[in-house]
Amino acid sequence: MTATPAKRPKSPPIPTQALLAKIFHWTNLISLFVMLFSGLQIYNANPVFGGRGGWHFPDFLTLGGWLGGGRSWHFAAMWFYALNLLWYGLYVLISRRWQKRFASGGDVKALRVSQNAKRKNYALHRLVYTAIIPILLLSIASGLAMYKPASFHWLSNSFINWQTLRTIHFAAVPVIILFTFIHSLLALKVGTLRLVRSMFI
Amino acid sequence: MSKLISRRHLLQWSGLSSASLLLSSCGSTLGSSEVGQVFEPLNQATQALLLSQKPVPEFSVSAIEPDKLLINTFDQTPQIDPAKYRLQIEGEVNHPIQLSLTDLQTLPLTSMVIRHVCVEGWSAIVQWGGVRLHELLRLAQPKSSARYVYFKSADGYYESWDLASATHPQTLMAYQKNDQPLSADNGAPLRLASPIKLGYKQSKWVTQIVLTNQLMPTKGYWEDQGYEWFGGL
């Protein structure tokens, strides 16, 4: 990637992604959206903000039709969502992808001192998609703490109180939607649609 | 030029995906019960695996949240004359018994401060006082074939539990709430209380406990509408 001032090819090489990275992206995207819409259905049974008198999400944003249906979808999709993250995490560790594909001190330095706009975008994007990992993990931890507060009482009690726990779990919704937008926009900026497409097809 | 095409493709792609997401949500119950049926065995096995006979750590008395416990009933609140009240324990037992409130109150009182968790998402830290169900079942002497415990309530509500959860040391037949006698709204004279099951499993106004060797087609009022049966916490 070092700059050779000689002529550059007209179109850069088509980016390729590991098949496992594509499988992870598809499973993550689909299971996450099932979690999100069924989660809003569950939310409506007793809104985190305001309880029964609180504002409810409109029906077209909910999945399941009623609380029981929302829970059925939520506790089915959780397996795909959590296990997908687990095997991908192991793959990233074992294949040492974490050394090359995720944010490092170099990216932080590039953001601070680099004059190269492309390098800065690239660094910013790596930081953004690395930062979502603890957020995804936190949504699993807070979900587990609410789903099994007796079995995982130590986890539930580490979230201060029930309202804080519910709020943190719910916060995953706006944070993940925001992340999806920023991640997509930065990917387009860094590698155009070719990069985005390479991650799915 | 290539940028234009890219943008158009992107718009098409995002339009298609959001349309399909909207179609798939729509607030309909379509597929919910099928998804529930497919995944409930896995979820239930996981919950049964997580179930421990060790007591769940309790909260301090100062942590009690008296205003947080909401009242949920599927029908009317029955008014029961405490003097005439009897709890029947029968089914797969060697000694079917009938207990009055006085009988129940002479048995050892267990008090606990636990988190009551509703399927709707709210919770409340509550003190419950009553008799361990394990103790009551011991009086009736369950047969070795007993696997499940059915609870029938004065208002027509019905529930069923696995025997292991029913004999958990913190599963109580409670007649006290927050150090006061139980109110009619909260299930007086006698209700189930436990930190290991969701609120809809914790029947109020319990009049009959029936041990069975199998699960009937009717598992519980809410379960028969589609809530999961195990409802473990």
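Bear in mind that the values here come from a model prediction, so they are computed numbers and not experimental data. Hydrogens, waters and symmetry mates are skipped; everything else that's a heavy atom, side chains included, is used.
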Novice: I'd like to know which of B:Pro195, B:Gly226, B:Ser123 tops the heavy-atom pair count under 4.5 Å against chain A.
Specialist: B:Ser123
Novice: Test side-chain contact (heavy atoms from CB on, under 4.5 Å) on A:Trp73 and B:Ser32 and set out the steps.
Specialist: CA-CA 6 Å; A:Trp73 280 104; B:Ser32 299; 3.2 Å; yes
Novice: Where is the tightest heavy-atom contact between B:Glu120 and A:Ala45, given as atom of each residue plus distance?
Specialist: O-CB, 3.8 Å
Novice: Does B:Trp229 CH2 have over 12 foreign heavy atoms under 6.0 Å away?
Specialist: yes
Novice: Relative to chain B, which segment of A:Tyr43 carries a heavy atom at a distance below 4.5 Å: side chain, backbone, both, or neither?
Specialist: neither
Novice: Considering only heavy atoms, which portion of B:Ile125 lies under 4.5 Å from any heavy atom of chain A: side chain, backbone, both, or neither?
Specialist: neither
Novice: Pick one of side chain, backbone, both or neither for B:Val38, based on which atoms fall under 4.5 Å of a heavy atom in chain A.
Specialist: neither
Novice: Could you tell me which residues satisfy salt bridge (charged side-chain N to carboxylate O under 4.0 Å, His left out) with A:Asp107, sequence neighbours excluded, listed by chain and number?
Specialist: A:Arg119, A:Arg126
Novice: Between A:Phe75 and B:Glu40, does the side-chain contact (heavy atoms from CB on, under 4.5 Å) criterion hold? Intermediate values first, please.
Specialist: CA-CA 9 Å; A:Phe75 301 137; B:Glu40 195 178 334; over 6 Å; no
Novice: What I'd like to find out is whether the side chain of B:Gln47 reaches to under 4.5 Å of the side chain of A:Lys148, using heavy atoms alone.
Specialist: yes
Novice: Test your reading of the model: is there a side-chain donor-acceptor pair from B:Asn43 to the backbone of A:Ala76, 3.5 Å cut-off?
Specialist: no
Novice: Rounded to the nearest 0.5 Å, how far apart are NE2 of A:His74 and CZ of B:Phe39?
Specialist: 14.0 Å
Novice: Verify the ring-centre separation between A:Trp66 and B:Tyr227: is it less than 6.0 angstrom?
Specialist: yes
Novice: More than 12 heavy atoms of other residues, nucleotides or ligands under 6.0 Å from CZ of B:Arg132: yes or no?
Specialist: no
Novice: Side chain from CB out, backbone as N, CA, C, O: work out which of these in B:Gln225 comes under 4.5 Å of a heavy atom of chain A, or both, or neither.
Specialist: both
Novice: Report yes if some heavy atom in the side chain of B:Trp122 is under 4.5 Å from a heavy atom in the side chain of A:Gln163; otherwise report no.
Specialist: no
Novice: Above 12 or not: heavy atoms from other molecules or residues under 6.0 Å from CD1 of A:Ile160?
Specialist: no
Novice: Got a sec: does the CZ of A:Phe80 have more than 12 other heavy atoms crowding it under 6.0 Å?
Specialist: no
Novice: Is B:Ile114 close to chain A through its backbone or its side chain, or both, or neither, when contacts mean heavy atoms under 4.5 Å?
Specialist: neither
Novice: Is A:Gln99 atom CD crowded by more than 12 heavy atoms from other residues, nucleotides or ligands, each under 6.0 Å away?
Specialist: yes
Novice: Which heavy atom of A:Arg71 sits nearest a heavy atom of B:Glu228, and at what distance?
Specialist: NH2-OE2, 3.4 Å
Novice: Give, as side chain, backbone, both or neither, the part of A:Asn44 having an atom under 4.5 angstrom from any heavy atom of chain B.
Specialist: neither
Novice: In terms of heavy-atom contacts, does NZ of A:Lys22 have more than 12 from other residues, nucleotides or ligands at under 6.0 Å?
Specialist: yes
Novice: Would you indicate whether A:Lys120, at its atom NZ, is surrounded by more than 12 heavy atoms from other residues, nucleotides or ligands within a distance under 6.0 Å?
Specialist: yes
Novice: Apply side-chain contact (heavy atoms from CB on, under 4.5 Å) to the pair B:Leu233 and A:Phe152, showing each step before the final yes or no.
Specialist: CA-CA 9 Å; B:Leu233 292 173; A:Phe152 300 104; over 6 Å; no
Novice: Quick check: do B:Val117 and A:Pro149 have side-chain heavy atoms less than 4.5 Å from each other?
Specialist: yes
Novice: Between B:Leu70, B:Leu51, B:Val119, which shows the greatest number of heavy-atom pairs under 4.5 Å with chain A?
Specialist: B:Val119
Novice: Tell me, do A:Leu67 and B:Trp222 make a side-chain contact under 4.5 Å, heavy atoms counted?
Specialist: no
Novice: Can you tell which part of A:Trp154 gets under 4.5 Å to a heavy atom of chain B, answering side chain, backbone, both or neither?
Specialist: neither
Novice: Look at atom CZ of B:Phe230 and say whether more than 12 heavy atoms of other residues, nucleotides or ligands are closer to it than 6.0 Å.
Specialist: yes
